[in-house]
Amino acid sequence: MKDTHKIMILAGDGIGPEAMAEVGKIANWLNSRGDIGLELEHDLVGGASIDANGVPVTDATIAKCKEADAVMLGAVGGPKWDGVDYNIRPEAGLLKVRKDLDLFANLRPAIVFDALIDASTLKPEIVKGLDILIVRELTGGVYFGEPRGIETLPNGEKRGFNTQTYTTSEIRRVAEVAFDLARKRSKKVTSCEKANVMESGKLWREVVTDLHKNHSDIELSHMYADNCAMQLLRNPRQFDVIVTDNLFGDILSDEASMLTGSLGMLPSASLGAEDPETGKRYAMYEPVHGSAPDIAGQGKANPLATILSFAMCLRYSLNRGDLADKLEQAAQDVLNKGLRTPDIMAENCTQISTSDMGDAVIDQLGELIKEAA
Ligand code: IPM
Ligand code: MG
């Protein structure tokens with residue numbers, strides 16, 4: 001048996017648990033073969049935690065996340081909790097995990113799988129082979145800036161307000177991640193802000209420009225975020241790594257995911273800083289898609305984004321890029337064989353359930369491992 005890695009599983013709400021069950025199957029399968037030692041622990045987040053504990057994530061759960069080698073999160077939210085108090089909404093649980101673990105770098109790849117190219121709403125010649133990585137700052141900006149609130153003015157009118165703030169170090173550390181990742185890819189970073197109207201954007205541009213002096217092997221360009229939104233539709237392949245703040249990253253990553261036509265396919269990783277002494281880095285992996293309450297519990301969910309998030313976990317937290325490569329390949333092969341969950345169903349393909357998709361990935365993984373041996 002290899003070293004044991006502890007993974008904290010927060011399956012959450014809606015389709016989260018059923019998609020995560022497929023990761024559980026894959027993990028057990030890898031364990032049983034002795035390919036890796038994984039210890040999975042389960043806990044609640046989002047609406048599931050509100051129902052059980054009155055809050056979307058407890059401090060005890062956060063503590064367990066910190067002890068684990070990595071966290072895998074399914075999805076949070078659903079109409080059942082739409083009416084709950086703003087501070088304890090399911091989304092607040094997700095934001096608390098991000099903030100308490102200081103997961104400042106959110107990696108969101110947007111990859112067009114050849115087998116799914118017709119699912120994109122853009123012309124195939126625009127998106128073929130697309131492979132963008134959005135690095136979104138995740139623990140700062142307007143999501144967390146103070147002051148914030150809704151106040152009543154003397155004239156009885158209400159005023160809602162939030163604050164966009166970024167410090168030099170917050171910008172530097174996320175830009176550093178973007179430059180480092182670009183080095184392993186096409187060596188191009190596009191930094192996006194609104195330096196033309198926002199001071200925080202002006203500082204963002206200055207800090208990234210300054211840091212670039214240490215990364216002169218990487219080609220850096222700056223782009224206003226609105227222009228970036230437009231360029232993503234006009235000519236998305238001009239991009240390699242895009243680094244941007246929390247709010248622009250939220251929007252641009254949704255846009256980029258849709259270029260691929262398969263939101264149900266996209267994984268993400270949220271990483272903290274590496275502890276210089278222990279080398280340990282907090283990390284959470286989650287699909288980009290939401291909890292899709294309308295199809296929950298019907299075996300219709302596409303588990304591939306969660307499975308591909310597990311591949312990112314193998315690569316970035318467990319140092320098993322070899323297994324991550326095979327798992328990603330297995331997912332592609334299954335698509336190439338024409339197996340599809342309903343969300344990506346196409347002509348001449350075979351529609352299968354969530355659980356069948358997990359089984360198909362395991363079968364294919366078995367083939368790939370056999371071939372390599
Ligand atoms: C995301 C989501 C979250 C965000 C919500 C659920 C709080 O949209 O991860 O992109 O805005 O960050
Ligand atoms: Mg979002």
- Message: Does K300 have more than 12 heavy atoms from other residues, nucleotides or ligands lying within 6.0 Å of its NZ?
- Response: no
- Around atom CD1 of I150, are there more than 12 heavy atoms of other residues, nucleotides or ligands at under 6.0 Å? no
- Partner of L73 under side chain to side chain contact (heavy atoms under 4.5 Å, CB included), picked from L94, T306, I9, is L94
- Looking at T190, V243, V189, which hits side chain to side chain contact (heavy atoms under 4.5 Å, CB included) with L220? V189
- Specify whether Y166 and W204 have parallel, tilted or perpendicular ring planes, treating 30° as the upper limit for parallel and 60° as the lower limit for perpendicular. perpendicular
Heavy-atom side-chain proximity of [X] to [Y] below 4.5 angstrom:
X	Y	value
S32	N28	no
L335	R340	yes
H222	E193	yes
K80	I50	no
K96	D59	yes

Test item: side-chain donor near acceptor, [X] and [Y], under 3.5 Å:
X	Y	result
W81	D51	yes
K337	Q364	yes
E176	N214	no
Q231	N227	yes
T58	T61	yes
R183	H215	yes
Y285	S270	no
Q332	N336	no
D356	S353	yes
T139	E137	yes
N106	R108	yes
T209	E206	no

Any salt bridge linking [X] with [Y]? Criterion: basic side-chain nitrogen under 4.0 Å from a carboxylate oxygen.
X	Y	result
E91	R89	yes
R173	D102	yes
E22	K25	yes
K326	E367	no
K202	E199	no
D210	K213	yes
D322	R315	no
E274	K280	no
R185	D131	yes

Between [X] and [Y], is NZ or CZ placed under 6.0 angstrom from the six-membered ring centre and within 45° of the ring axis?
X	Y	answer
R136	Y143	yes
K194	F248	no
R159	F161	yes

- If only atom types and distance count, is the side chain of T354 paired as donor or acceptor with the main-chain N or O of G299 below 3.5 Å? yes
- Note on the structure: Residues D13 and G47: closest non-hydrogen pair is OD2-N, 2.7 Å
